[in-house]
Asks: 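Got a structure for you, written out below as structure tokens; questions coming shortly.
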Amino acid sequence: MQRVTITIDDDLMAELDRIIESRGYQNRSEAIRDLARAGIREAAESLDAERNCVAALVYVYDHAARQLPRRLTETFHDHHELSLSSLHVHLDHDSCLEVTVLKGKTGEVQHFAEHVIAERGVRHGRVVMMPAQSAQSRARPVARRHKHPHTF
């Protein structure tokens, strides 16, 4: 293991100390190692744009925003190959939450999610992406197959 010296501003250190306390880390080094690993995993996933992924796109939007529901519907229809399923929730009179499961090449999924989140009237948005193996790379023995088809 190597020893590394870094400089962190006071506000960031205060946030880190709150995380250390709330998660029960024994020391700062353990917390920083875990956060570095998480950041490295996230950066690595976004580097390979051709790798297959699955993702959850979660966003809150103003359903009364000028033509936003129509624009979102058109966007999803234009990229129907990426969208597997959506959940729509009415939060209050003005706000709706949507959760959409996406599947495709990492670069395409990321670009699509960023486009949706950037729409005028979308108040909050986040995409969580995970690597996905293709069906061919994880073929199972015949004995473990089940009776319904998997087609897209």
Side-chain angles (χ1 to χ4, degrees), residues 1-69 71-138 140 150 152:
M1 196 172 300
Q2 295 184 22
R3 180 177 301 267
V4 176
T5 302
I6 61 172
T7 303
I8 299 177
D9 65 55
D10 293 338
D11 292 339
L12 183 57
M13 196 67 244
E15 287 182 52
L16 183 59
D17 285 338
R18 281 193 294 276
I19 291 171
I20 290 168
E21 184 177 340
S22 70
R23 293 188 182 177
Y25 284 104
Q26 297 298 312
N27 57 57
R28 288 176 171 168
S29 292
E30 288 179 24
I32 291 171
R33 278 192 295 269
D34 279 356
L35 292 170
R37 284 186 200 103
I40 289 168
R41 267 193 314 271
E42 185 177 324
E45 288 171 9
S46 66
L47 287 177
D48 188 357
E50 291 301 311
R51 185 175 186 180
N52 287 325
C53 75
V54 292
L57 171 59
V58 182
Y59 57 100
V60 175
Y61 68 94
D62 178 357
H63 78 97
R66 184 179 169 161
Q67 299 188 9
L68 178 59
R71 289 194 317 267
L72 289 172
T73 299
E74 287 178 3
T75 297
F76 277 90
H77 279 277
D78 289 345
H79 297 88
H80 62 87
E81 74 284 357
L82 297 176
S83 179
L84 298 179
S85 181
S86 290
L87 168 70
H88 181 91
V89 179
H90 301 277
L91 297 175
D92 56 36
H93 185 268
D94 298 319
S95 301
C96 295
L97 167 88
E98 290 213 7
V99 179
T100 302
V101 178
L102 304 170
K103 183 177 180 181
K105 300 289 184 195
T106 299
E108 294 172 14
V109 169
Q110 183 72 40
H111 179 75
F112 176 75
E114 289 170 354
H115 176 78
V116 170
I117 292 167
E119 280 282 355
R120 186 177 324 158
V122 173
R123 295 185 184 130
H124 307 284
R126 177 168 292 162
V127 63
V128 178
M129 297 174 30
M130 292 157 249
Q133 294 176 315
S134 69
Q136 291 80 19
S137 69
R138 56 181 179 85
R140 297 183 179 146
H150 291 252
F152 289 92

Asks: Measure the CG-CG distance between Asp92 and Leu97 for me, rounded to the nearest 0.5 Å.
Replies: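 Between Asp92 CG and Leu97 CG, I get 11.0 Å after rounding to 0.5 Å.
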Asks: If I compare all heavy atoms of Ala65 with all of Gly121, which pair ends up nearest, and what's the gap?
Replies: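 Closest pair (atom of Ala65, atom of Gly121, distance): CB-CA, 4.0 Å.
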Asks: Between His77 and His80, what is the shortest heavy-atom contact and its length?
Replies: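 Distance-wise, the nearest heavy atoms are O-CD2, 3.3 Å.
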Asks: To the closest 0.5 Å, what do you measure between CZ (Arg23) and CD (Glu30)?
Replies: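 One finds 13.0 Å between CZ of Arg23 and CD of Glu30.
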Asks: Is the backbone N or O of His93 less than 3.5 Å from a side-chain atom of His63, with the two atoms forming a donor-acceptor pair by type?
Replies: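 Pair found, side chain donor or acceptor close to backbone of His93.
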Asks: Out of the candidates Lys105, His111, Glu108, only one should pair with Leu82 under the side chain to side chain contact (heavy atoms under 4.5 Å, CB included) rule; please name it.
Replies: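 For Leu82, the side chain to side chain contact (heavy atoms under 4.5 Å, CB included) test succeeds with only one of Lys105, His111, Glu108, which is Glu108.
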Asks: Any chance you could measure Arg28, atom CZ, to Ile20, atom CD1, to the nearest 0.5 Å?
Replies: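 Going from CZ on Arg28 over to CD1 on Ile20, the span is 6.0 Å.
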Asks: Hey, mind stepping through Leu57 and Ile117 against side chain to side chain contact (heavy atoms under 4.5 Å, CB included) and telling me if it holds?
Replies: CA-CA 9 Å; Leu57 171 59; Ile117 292 167; 3.9 Å; yes
Asks: Could you give the distance from OG1 (Thr73) to CG (Leu68), rounded to the nearest 0.5 Å?
Replies: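 One gets 9.0 Å once the value is rounded to the nearest 0.5 Å.
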Asks: Report the C-alpha distance between Leu35 and Leu16 in whole Å, list the side-chain angles of each, state the deciding distance to 0.1 Å, and finish with yes or no for side chain to side chain contact (heavy atoms under 4.5 Å, CB included).
Replies: CA-CA 10 Å; Leu35 292 170; Leu16 183 59; 3.5 Å; yes
Asks: Would you say Val54 and Val101 make side-chain contact, with heavy atoms under 4.5 Å?
Replies: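 Of all side-chain heavy-atom pairs linking Val101 with Val54, none is under 4.5 Å.
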Asks: Report, as yes or no, whether the 6.0 Å neighbourhood of atom CZ on Arg120 holds more than 12 heavy atoms from other residues, nucleotides or ligands.
Replies: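 Open: at most 12 neighbouring heavy atoms sit under 6.0 Å from CZ of Arg120.
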Asks: Quick check on Glu21: does its CD atom have over 12 non-hydrogen neighbours (other residues, nucleotides or ligands) under 6.0 Å away?
Replies: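 Atom CD in Glu21 is not packed in, count stays at 12 or less.
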Asks: Which heavy atom in Ser86 sits nearest to a heavy atom in Ser83, and how many Å separate them?
Replies: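 Smallest heavy-atom distance, with atoms named: OG-OG, 4.2 Å.
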Asks: Mind checking whether Leu72 and Glu98 have side chains closer than 4.5 Å, heavy atoms only?
Replies: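 The answer is no; the side chains never approach within 4.5 Å.
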Asks: So how far is it from Leu102 CG to Gln110 CD, rounded to the nearest 0.5 Å?
Replies: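 Rounded to the nearest 0.5 Å, the CG-CD separation comes to 10.5 Å.
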Asks: Say you draw a straight line from OG1 of Thr75 to CZ of Phe112; how long is it, rounded to the nearest 0.5 Å?
Replies: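 Going from OG1 on Thr75 over to CZ on Phe112, the span is 6.5 Å.
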Asks: With the side chain counted from C-beta on, respond yes when Lys103 and Asn52 share a heavy-atom pair under 4.5 Å apart, and no when they do not.
Replies: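 They are not in side-chain contact.
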Asks: Would you say CG of Asp10 has more than 12 non-hydrogen atoms from neighbouring residues, nucleotides or ligands within 6.0 angstrom?
Replies: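 Atom CG in Asp10 is not packed in, count stays at 12 or less.
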Asks: So Arg123 and Asp94, do their side chains get closer than 4.5 Å, heavy atoms only?
Replies: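 Answer yes - side chains close enough.
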Asks: Look at the rings of Phe76 and Tyr59 and say which category their plane angle falls in: under 30° parallel, 30 to 60° tilted, over 60° perpendicular.
Replies: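 Parallel, since the angle between the ring planes stays under 30°.
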